[in-house]
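Quantities reported herein were computed from a predicted structural model and do not represent experimental measurements. Residue numbers count from 1 along this sequence.
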Amino acid sequence: MLERKKLKGRTQVTFVLPADSPDGPVSVVGDFNHWNPAAHPLQVRSDGMRAATVALPAHSGHSFRYLASGGHWFDDDQADGHDGTNSRVHT
């Protein structure tokens with residue numbers, strides 16, 4: 001799930017997953033963090049979900065995926081779109 005908050009010239013995008021699916025650590029990786037799994041690990045929120053927030057330029061599009069433990073890559077079914085291999089978010 002994607003949550004958005006408009007900021008001046010930027011959009012704050014929060015990538016959200018259930019706390020237990022999949023098990024273990026998960027990171028959001030994409031062109032906005034040079035596909036670096038250490039850049040945006042999801043953290044548990046007070047509502048029990050896991051999330052990571054990234055500020056992206058307004059009116060732009062970005063490719064991303066999630067990386068779970070064991071090298072398991074997966075997409076966001078609720079993303080704005082898909083470009084074949086990756087999920088897409090538009091700000």
Side-chain angles (χ1 to χ4, degrees):
M1 174 174 53
L2 302 174
E3 298 174 347
R4 293 174 180 84
K5 181 179 179 182
K6 299 287 184 181
L7 305 171
K8 186 175 184 177
R10 300 185 74 68
T11 301
Q12 184 174 297
V13 178
T14 302
F15 300 86
V16 183
L17 293 175
D20 60 352
S21 180
D23 289 331
V26 177
S27 294
V28 61
V29 293
D31 56 17
F32 48 83
N33 63 14
H34 305 288
W35 301 95
N36 178 358
H40 296 101
L42 277 65
Q43 303 294 322
V44 178
R45 302 192 307 192
S46 61
D47 65 2
M49 302 293 273
R50 290 183 287 183
T53 301
V54 179
L56 300 172
H59 313 293
S60 62
H62 300 275
S63 296
F64 73 96
R65 294 191 84 194
Y66 296 105
L67 179 60
S69 59
H72 173 66
W73 290 90
F74 62 101
D75 293 314
D76 191 322
D77 293 337
Q78 298 178 14
D80 297 335
H82 295 86
D83 65 5
T85 305
N86 304 308
S87 299
R88 297 285 294 165
V89 60
H90 304 286
T91 59

*Treating Ile, Leu, Val, Met, Phe, Trp and Tyr as nodes and any side-chain heavy-atom pair under 4.5 angstrom as an edge, say whether F74 and L42 lie in one connected cluster.*
yes
*Take V26 and H72 through the test side chain to side chain contact (heavy atoms under 4.5 Å, CB included) and record every step on the way to the result.*
CA-CA 9 Å; V26 177; H72 173 66; over 6 Å; no
_Results of side chain to side chain donor-acceptor pair (under 3.5 Å) for R50 - residues two or more places apart only_ = none
*Linking Ile, Leu, Val, Met, Phe, Trp and Tyr through side-chain heavy atoms less than 4.5 Å apart, which residues share a cluster with M49?*
M1, V16
*If you measure from OG on S87 to CG on D80, what distance do you get to the nearest 0.5 Å?*
9.5 Å
All N/O donor-acceptor pairs, side-chain side in residues 5-12, below 3.5 Å, sequence neighbours left out:
residue, atom, partner, partner atom, Å
R10, NH2, A55, O, 2.9

*Decide yes or no on side chain to side chain contact (heavy atoms under 4.5 Å, CB included) for W73 and T85, but give the supporting numbers first.*
CA-CA 10 Å; W73 290 90; T85 305; over 6 Å; no
*Are any side-chain N or O atoms of D75 and backbone N or O atoms of R65, one a donor and one an acceptor, separated by less than 3.5 Å?*
no
*asked:* Run the ring pair (Phe, Tyr, Trp, His ring centres under 6.0 Å) test on F32 and F15 for me, step by step, so that the C-alpha distance in whole Å, both residues' side-chain angles and the decisive distance to 0.1 Å come before the verdict.
replied: CA-CA 13 Å; F32 48 83; F15 300 86; 5.7 Å; yes
*Name all residues meeting the side chain to side chain donor-acceptor pair (under 3.5 Å) criterion together with R45; count only those two or more places apart in sequence or in a different chain, and write none if there are none.*
E3, D47
*For Y66 and D76, does a side-chain donor sit closer than 3.5 Å to a side-chain acceptor?*
yes
*What's the verdict on side chain to side chain contact (heavy atoms under 4.5 Å, CB included) for L2 and F64, showing C-alpha distance, side-chain angles and the deciding distance?*
CA-CA 12 Å; L2 302 174; F64 73 96; 4.0 Å; yes
*Using side chain to side chain donor-acceptor pair (under 3.5 Å) as the criterion, list what pairs up with H40, not counting sequence neighbours.*
N33
Side-chain donor-acceptor distances from residues 56-63 under 3.5 Å, at least two apart:
residue, atom, partner, partner atom, Å
S60, OG, P57, O, 2.6
S60, OG, H62, NE2, 2.9
S60, OG, T91, OG1, 3.1
H62, ND1, D31, OD1, 3.1
S63, OG, D83, OD2, 3.0
S63, OG, R88, NH1, 2.8

*asked:* Starting from L17, can I reach V29 by hopping between I/L/V/M/F/W/Y residues whose side chains sit under 4.5 Å apart?
replied: no
*How far apart are the closest heavy atoms of A52 and P41, and which atoms are they?*
CB-O, 3.7 Å
